A.B. asks: 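This is the structure I want to talk about, given as structure tokens.
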Amino acid sequence: MTDKQKKKKAKKEVIITGFGGQGIIMAGRIIGMSAALGDHMHSVFTQSYGPESRGGACSAQVIISDAQIHYPYVMRPDILICMSQGGYDKFISEIKQEGILLIERDLVRPGALKRNFFSIPATRMAEDLGRKMMANIIMVGFCVSVTKVISKDAALDSVAKSVPKGTEEVNIRAFNKGYDYGLAILKGRGKKAAGQTGVTG
Amino acid sequence: MNNYNVILMLCNWGAHSAYQTLQDTGAEIPPEISMVRIPCTGRISKSLLFKAFEMGADGVALVGCEPGTCRYGSGTAAAIENTGDMREILDLLGLGKDRLRLATFLPDDSEPLLQFLKDFCSEIRALGKSPVKHVKAAKPEPATKKALSDIVSSHDVFACQDCGKCTSACPLTLAGKQFSPRALAGSIIAGDIDSPEVQDDIWACLTCGLCYDRCPSAVNFPEFIRDLRHFSKQRNLDGHEAHGGFFQSLMRAMTSSGLKARRWDWLPDNIRIDNESKILFFGGCAPYFDIFFRSHLGVETCNIITDSLRLLNFFDIRPALLQDERCCGHDLLWSGDKDNFLKLARLNVDLIHSLGVEEVVTACPECYRTLVHDYNEYGVKLNCKVTHIYDLLETEIDKGAVDFKKIDKKLTFQDPCRLSRFEQREDLPRMLLKRLKPGGFQEMSDKGSAAICCGNSAWTGCDSFSKALQVKRLRQAKETGSNLLVTACPKCQIHLQCAMEDPFLGEELKMEMMDLTGLLAKTIYWE
Ligand code: SF4
Ligand code: SF4
Ligand code: SF4
């Protein structure tokens, strides 16, 4: 494998989409920040609000690489996180063939999608924890355990630094909630593949 | 040289004639044999059979008449059943089934009887002395006024305002029994503990804690009763034990440190165990219950253990098991035998510490309460976390990605007093119940911390009023229109099943029961 290929392999492009007020931008920034500060990678983070911002569509784009990043925009995401139907419809055609798709279960209907994806009822879970706004943090936790694009420690650190003072603890709980959910899903898929969906015996 | 002790329980009729011939002819009966004449082998209950072992017998031979020659008709058949069950219990306990034998002889069979006795004694010698050391009851202590008033003041019973809320809440009183906790408290304060009425009441109380829940002065009546029972037992007063005191005997036998129990031999092969694990699963006494009640209740409380282990395995937890696990001691503590409770507590704690585990998980509400609360209170410190399996399951299920298959049943729920009331965790089983997908769920009219007892606690004082109380409870369950009564304690299953065996009301009361762990295990799956 040449150096060039190796570098290419260690590059991940992420798009997070949703609507204003969901904390999409913060989620993107947390992922980028964790990669740069905690995992000592290169990362760039760009954001875009649709013309209808404030409740309208928005997206965050993060590129993480172990080499310098020369072009800051995402061409085809390796990881696509959709927290709204609009965002999903807009970006679904761009995700790479082998990319990982994560969706908010109650807000996105993937229809007759023919690819593998991971879904989580992040908003509902956030409501259970007492704050609907934390759906983004739950989604970040979910993304970390499912995709491992950044390390858990780095992510926890950035979450604590990014959320409003005084809410660190509950946000960390939210992160762990999403993280554990991701682990549980991976475990469940493993069991299914091994043909053990129920209890044995 | 001969320090063996083999008890021969010998039926008065046929077999005794054979034995008499041996005595008359001066035959060499092995010297370790002590013969006890009994009216019929069928009259020797499991508790009597076991009593001999509790008292240190190395072997017991139950000898009577051949089937068909029993003077009472069915005696031998009952003896076959009793000894069969008891042999299994001896195996579980680690004493070994071969220490108990049933044999039958005709009156002319003196030679074969002698041969049998010789063979049996040499088998017992090969097995060695019984590891069960008989704990002699301590010398009765004089009932000092001071000791009694200490009990009264330690529970602050003086604070009683004579309001009678306890009596109006007590399920025994409500079942029609002449029984009043308020009056009992009054008698004890007045120094009366010995009169038969007071003694009756002390052993009748279910220690269910409903009265404590209502008492404005927070008189902890169940614990008060617990200490009065201990006080009474120290003076060798009768404990009104159910089932001839079998369970208390069994638990006392377990205090012998030399016993090497074989608690888990029955476990299905596909359960995954890891004895290096930092999590220990504490099973409880269900295996003994199932054998003991097999012939007349047919309960399967062992399923609670297997289903719990399967659920742990489902979440990739392979717990360690304690081969030598003893009874947690709950029933001894609550039936007045504090000393032997403490012995069990120390044995269990030492065994658990020797494994170096960090967490003990149990599915039995009594074990949970005892490990988490009473061991500490009595100064036997357990240096690891104790978790009820419901807590662990709730955490795992809450992580997501699991779901539950639909159950085509309407459910209602019997609260276990030790979890719902004593530990104030009525919410816990309900969180799990909410996750299930039944055809419906309806609470009984008395529920949660106000729920009515299953009818007995610590195997004492079971009487016709306990039965009336159970009938009332089962009718409440029926009134919900449900067809599956979910339980969360092996004892609830046993006692309620017992009530359903009522020959007059049985059909009206019959209802399918299943433990919550069973329902979870049956329906859970990875999404
Ligand atoms: S409820 Fe409490 S205060 Fe009232 S009579 Fe009973 S023990 Fe006394
Ligand atoms: S503990 Fe239960 S049975 Fe005993 S007096 Fe109180 S309410 Fe009655
Ligand atoms: S209710 Fe039945 S099983 Fe329970 S103690 Fe009474 S007689 Fe025994």
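The model shown is predicted, which means the values in this text are computed figures rather than measured ones. Below, chain A is the first sequence line, B the second, and so on; all start at residue 1.
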A.B. asks: With chain A, which of B/Leu311, B/Asp269, B/Val402, B/Asp316 has the greatest number of heavy-atom pairs at distances under 4.5 Å?
C.D. replies: B/Asp316

A.B. asks: Take a 6.0 Å sphere around CD of A/Glu98 and say whether it holds more than 12 heavy atoms from other residues, nucleotides or ligands.
C.D. replies: yes

A.B. asks: Just how far is it from atom CZ of B/Phe314 to atom CD of A/Gln196, taken to the nearest 0.5 Å?
C.D. replies: 10.0 Å

A.B. asks: Does B/Asp408, at its CG atom, have more than 12 non-hydrogen atoms belonging to other residues, nucleotides or ligands within less than 6.0 Å?
C.D. replies: no

A.B. asks: Go through the atoms of B/Asp398 and report whether side chain, backbone, both or neither lie under 4.5 Å from a heavy atom of chain A.
C.D. replies: both

A.B. asks: Near B/Glu300 CD, under 6.0 Å, is it more than 12 heavy atoms from other residues, nucleotides or ligands?
C.D. replies: no

A.B. asks: What distance do A/Ile185 atom CD1 and B/Lys399 atom NZ have between them, rounded to the nearest 0.5 Å?
C.D. replies: 13.5 Å

A.B. asks: For side-chain contact (heavy atoms from CB on, under 4.5 Å), just list the numbers for A/Val199 and B/Asn313, CA-CA rounded to whole Å, side-chain angles, deciding distance to a tenth of an Å, and then say yes or no.
C.D. replies: CA-CA 8 Å; A/Val199 299; B/Asn313 284 174; over 6 Å; no

A.B. asks: Is atom CD of B/Gln424 surrounded by more than 12 heavy atoms (other residues, nucleotides or ligands) closer than 6.0 Å?
C.D. replies: no

A.B. asks: Taking everything shown except A/Lys90 itself, do over 12 heavy atoms lie less than 6.0 Å from its NZ?
C.D. replies: no

